[in-house]
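Written out below as structure tokens is the structure these notes cover.
As a basis for the values below, the full set of heavy atoms in this structure was taken, side chains included, without hydrogen atoms, waters or symmetry mates. Each ligand, and each atom within it, is numbered from 1 in the order the structure gives.
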Amino acid sequence: MRLLVFDDDAAIGRLVVRLAVLAGLNAEAVTDAAAFERSLGATPPDIIVLDLQLGGTDGVEQLRFLAARRYTGSIIVMSGFDPRVLEATSTVARNLGLNIVAALPKPIRVTSLEQILEQQRSVPRPLSAEGVLAAIRNNELVLEYQPIVSRHPRTLKKLEALLRWDHPTLGRVLPGEFLPIAEADKDVIDKLTDWVIGAAVQAWGLLRERGVSTPIAVNVSTLNLHDLAFPDRIASRLADGGMPASQLCLEITETAASLDAARMMDVLTRVRLKGMQIAIDDFGTGYSSLKALRQLPFSEVKIDQSFVSDMTTSSDSRAIVKSIVDLAVNMEMETIAEGVETEETARMLEQFNVDALQGFLFARSMPIDDVPAWLAMWMKGGKPASTQTTSSVLSFAMDVRARDRG
Ligand code: C2E
Ligand code: MG
Ligand code: MG
């Protein structure tokens, strides 16, 4: 386990390093921002000890930098300021999504630091970038598929592939838990997305053999868009699987660590020119901005579920959803509403002319084996059956597993 201390006072850095080494950690200290950035490296440390007064920079600025890099490890802040400053800094850090495990007043009491380091050493850390790479190698990742249903008539429009990790000891892990770790390292998120696209192309072929012909949407991180060869890699995957480009949609969520806009535009434009669709995901939240909508060649807007889920009770959410739909219509883009859980919400969205709906009202995400049976049930206008597996679905499932192994 690796610990990194950033304090402009080298003596304090040395002290923390000595205590960390005694606690069995691999530790290093830096005294300036450039060295701090270098030491974060491709595999960030598990624990960062950060002083708040740093000479050329300050602790809050460095916390923002860590948040932009989506640092997921433990952070210990320390300061000689009064306790209120220390507490306010911890709040700022938590609001940035960082994991503050302790705030230490200076001068540091050796015993309190020792205790904290000892605790940190025993925290299990099963999810790491290396773990994600191993999961890809060991076939522990799976895609589940959630239907997206078009309005009038409500027919299957496409499937969204959602990633899950069947972890050998933790059981099923959802993307919210391991994506930030994967996204902290370009190489890891690139490999992950390549795996997802490969698996989705394979699924498309398998469904077609079963008589289900439907486009598939996959989620792509903005961090994948740094690579100018990305569109070519997808195109060759599609060609290998015999999947037409028009059948693939990339859903993109803007993240805090927005990168080179020119590069992103280059990559996304080529994706469109190759015939794929692109959706802006979670529109209306965080970083999914109007500027991105105007500049980038999106074909669809996915309205974030936070507005959809309470639109029957909140007039503000209703106004936002309606405005997003109008905006999309005027910009000649399609709209999909996420998180549709009730028939009342679905009706309201249809009145607003939303093009397609997605949510637990129709189906949760399911293994690919279950898609044909769900679709057959859906087309008959039936309600989700208690997951009875017909023999044909069962043989399909075996077929899929055999291919997965092969
Ligand atoms: P998303 O792309 O916006 O996906 C929709 C999320 O909402 C899914 O969560 C889905 O299970 C959930 N959901 C769908 N319908 C409903 C509903 O009616 N009510 C509620 N409460 N939730 C609903 P999930 O699978 O946990 O995925 C979370 C996020 O992780 C996704 O949000 C997406 O941003 C990301 N993600 C998933 N798979 C991948 C992947 O393969 N690659 C990347 N880069 N990101 C992925
Ligand atoms: Mg999505
Ligand atoms: Mg979304």
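For ligand 1, the protein residues within 4.0 angstrom (heavy atoms only) are Q146, E160, L162, L163, R164, P175, L179, V196, N219, S221, E251, D281, D282, Q305, E338, G339, V340, E341, G359, F360.
Residue Q358 is tested with K158, E160, K157 for a side-chain hydrogen bond (donor to acceptor under 3.5 Å, both in side chains); the sole match is E160.
In terms of modelled atom types and a separation under 3.5 Å, the side chain of W378 and the main chain of R154 share a donor-acceptor contact. Side chain of S150 to main chain of T155: a donor-acceptor pair is present (N/O by atom type, distance under 3.5 Å, no hydrogens or angles). With hydrogens and angles ignored, the 3.5 Å screen pairs a side-chain donor or acceptor of Q146 with a backbone N or O of A363. Between the side chain of D310 and the main chain of T313, no donor-acceptor pair closer than 3.5 Å is present.
Looking only at protein N/O/S atoms, the ones less than 2.8 Å from the Mg ion (ligand 2) make 4 in total.
Using a 4.5 Å cut-off on side-chain heavy atoms (C-beta onward), S79 and T89 make no contact.
Because its NZ or CZ atom is both nearer than 6.0 Å to the ring centre of F360 and within 45° of the ring axis, R364 counts as a cation-pi partner of that residue.
By the side chain to side chain donor-acceptor pair (under 3.5 Å) test, K322 pairs with no residue at all, sequence neighbours left out.
Listed by first and then second residue, the ring-ring contact (aromatic ring centres under 6.0 Å, His included) pairs that reach into residues 310-342 come to none, sequence neighbours excluded.
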